Participant: 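Quick one: this structure, given as structure tokens, is what I'll be asking you about.
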Amino acid sequence: MIESISSIEYNEPVFVAVDEDCGGDRIDRILSDVLCNYSRSFVQNLFLGGLVRCNGKEVSKSFKPKNGDIIEFTVPEPKEISLEPENIPLDIVYEDSDLLVVNKPRGMVVHPAPGNYDSTLVNALLWHCKGNLSGINGVVRPGIVHRIDKDTSGLLLVAKNDTAHISLSQQISVHSLDREYRAVIHGHLKELEGTVDAPIGRSPNDRKKMCVIRQNSKDAVTHYRVIEEYKDFSFVALKLETGRTHQIRVHMAYLGNPVAGDPVYGPKNGVASLNGQCLHAGLIGFDHPSTGERVRIEAPLPDYFTEFIGRIEK
């Protein structure tokens, strides 16, 4: 079993000996396991840059090394990220001098990361707000108070100044900020209403996935309510008490009822036509950072969601 590498030196060659457990696997999959703390796109970029060799020869990502082969790769020093404002239309459902709430479309990445440096929500916010965003989360995530996955649609809070950001973050930490989702899940839940209280951490078998696990995890609580049942699916409302990575998707899969269309936690023969999970952040409620007034905002189900519900059998 090849040991994983948690940190690397830039511009210094790294050598990995292929053992019998990995011999015959694709080289990009081997490197993804070795570089467990780095994204899949990071590994793919090594191949695009011609930075991976096997036994001294440059190879493609689909190459399959044999037992005893030596993989060599080099990671270049990262370039300084320069975020550019982009005039991308946004569905802004609330805005004032302190904050705004965006109804994010499915397929839009929230903030830049390796492989996605443009066309993100942050690029659009920089244009719309003319740079007037809180700086607490640094250069890459200005104004971003919380995130939702690329293929999850719905409401996202954005802070325009640090005072608003701190207030909203504190509300998240004490669970006074309401976040409710709608989802279509596989099968039927045992109870029409209930709570999943199960800690979430990174999967020991696949570092790119999260799972319910007791060690090296954080508390995670999701409340659910069945809205309507269909033949093979259920339409449910879900309320987050905590906000762990992929929390709803992991908790539903843990119950045996993964979110329809989920390419990571769903069944292999899932709903491919959805092109992603059927999950929408439909409601957000918070105390306004300046006035203290309770603000409650809802976003209707998007077309992809209602079209799917219209297709499934009752």
Side-chain angles (χ1 to χ4, degrees), residues 90-91 93 101-111 116 120-121 144-158 172 177-189 192-196 198 200 203 208-212 220-230 232-285 297-312:
L90 291 173
D91 181 8
V93 295
V101 179
V102 179
N103 186 15
K104 185 188 82 69
R106 188 174 62 161
M108 175 179 264
V109 176
V110 172
H111 61 79
N116 288 292
T120 71
L121 179 65
I144 302 301
V145 179
H146 63 107
R147 291 175 287 173
I148 55 179
D149 298 333
K150 172 187 173 183
D151 289 326
T152 297
S153 58
L155 300 175
L156 197 71
L157 263 174
V158 179
I172 291 175
L177 191 146
D178 292 331
R179 287 172 289 172
E180 292 187 11
Y181 289 71
R182 298 292 183 267
V184 176
I185 60 173
H186 285 272
H188 302 140
L189 292 159
L192 294 180
E193 191 169 346
T195 297
V196 186
I200 291 175
S203 169
K208 297 180 182 66
K209 296 174 64 174
M210 309 301 288
C211 70
V212 170
V221 179
T222 305
H223 306 284
Y224 66 83
R225 173 174 55 86
V226 176
I227 299 173
E228 189 165 0
E229 291 185 330
Y230 297 83
D232 299 315
F233 298 92
S234 297
F235 177 30
V236 296
L238 303 123
K239 184 176 180 180
L240 290 179
E241 187 171 313
T242 55
R244 308 306 176 204
T245 301
H246 300 170
Q247 179 171 317
I248 288 175
R249 298 163 64 190
V250 171
H251 272 171
M252 290 301 99
Y254 173 69
L255 292 181
N257 304 95
V259 177
D262 192 330
V264 178
Y265 303 102
K268 291 183 179 180
N269 58 344
V271 188
S273 62
L274 275 170
N275 298 313
Q277 60 268 11
C278 195
L279 182 62
H280 177 67
L283 183 149
I284 196 162
I297 299 169
E298 294 188 56
L301 294 175
D303 290 344
Y304 80 87
F305 202 117
T306 55
E307 288 171 1
F308 179 61
I309 287 181
R311 296 200 313 266
I312 56 182

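Every value quoted in this text rests on a predicted model; they were computed, and no experiment measured them. Numbers for residues simply follow the sequence, beginning at 1.
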Participant: With distance as the sole test, does His146 use its side chain to make a donor-acceptor pair with the main-chain N or O of Leu157 at under 3.5 Å?
Facilitator: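 The answer is yes, because a donor-acceptor pair under 3.5 Å joins these two groups.
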Participant: Partners of Lys239 by salt bridge (charged side-chain N to carboxylate O under 4.0 Å, His left out), sequence neighbours excluded?
Facilitator: Asp178
Participant: Going by salt bridge (charged side-chain N to carboxylate O under 4.0 Å, His left out), name the pairs with one or both residues in residues 242-270, residues two or more places apart or in two chains.
Facilitator: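 Residue pairs passing salt bridge (charged side-chain N to carboxylate O under 4.0 Å, His left out), neighbours aside: Asp149-Arg249, Arg249-Asp262.
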Participant: Counting C-beta onward and ignoring hydrogens, is there a side-chain heavy-atom pair between Tyr304 and Ser153 closer than 4.5 Å?
Facilitator: yes
Participant: If I take atom CG from residue Leu238 and atom NE2 from residue His223, how far apart are they, to the nearest 0.5 angstrom?
Facilitator: 10.5 Å
Participant: With sequence neighbours excluded, what pairs up with Pro267 under the side chain to side chain contact (heavy atoms under 4.5 Å, CB included) test?
Facilitator: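 Side chain to side chain contact (heavy atoms under 4.5 Å, CB included) check on Pro267 returns His186, Pro258, Asn269.
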Participant: Quick one: ring pair (Phe, Tyr, Trp, His ring centres under 6.0 Å) pairs with a partner in residues 246-270, sequence neighbours left out?
Facilitator: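 The answer is His246-Tyr265.
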Participant: Please identify which of these residues, Tyr230, Tyr224, Tyr181, Phe305, meets the ring-ring contact (aromatic ring centres under 6.0 Å, His included) condition with Phe235.
Facilitator: Phe305
Participant: Quick one: list whatever passes side chain to side chain contact (heavy atoms under 4.5 Å, CB included) with Leu192, sequence neighbours left out.
Facilitator: Val226, Glu229
Participant: Are Leu240 and Thr222 close enough that some pair of their side-chain heavy atoms sits under 4.5 Å apart?
Facilitator: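 Side-chain contact under 4.5 Å: yes.
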Participant: Would you say Ile227 and Arg182 make side-chain contact, with heavy atoms under 4.5 Å?
Facilitator: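 The answer is yes; the side chains approach within 4.5 Å.
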Participant: Is there any salt bridge (charged side-chain N to carboxylate O under 4.0 Å, His left out) pair reaching into residues 300-310, and which pairs are they, with sequence neighbours excluded?
Facilitator: none
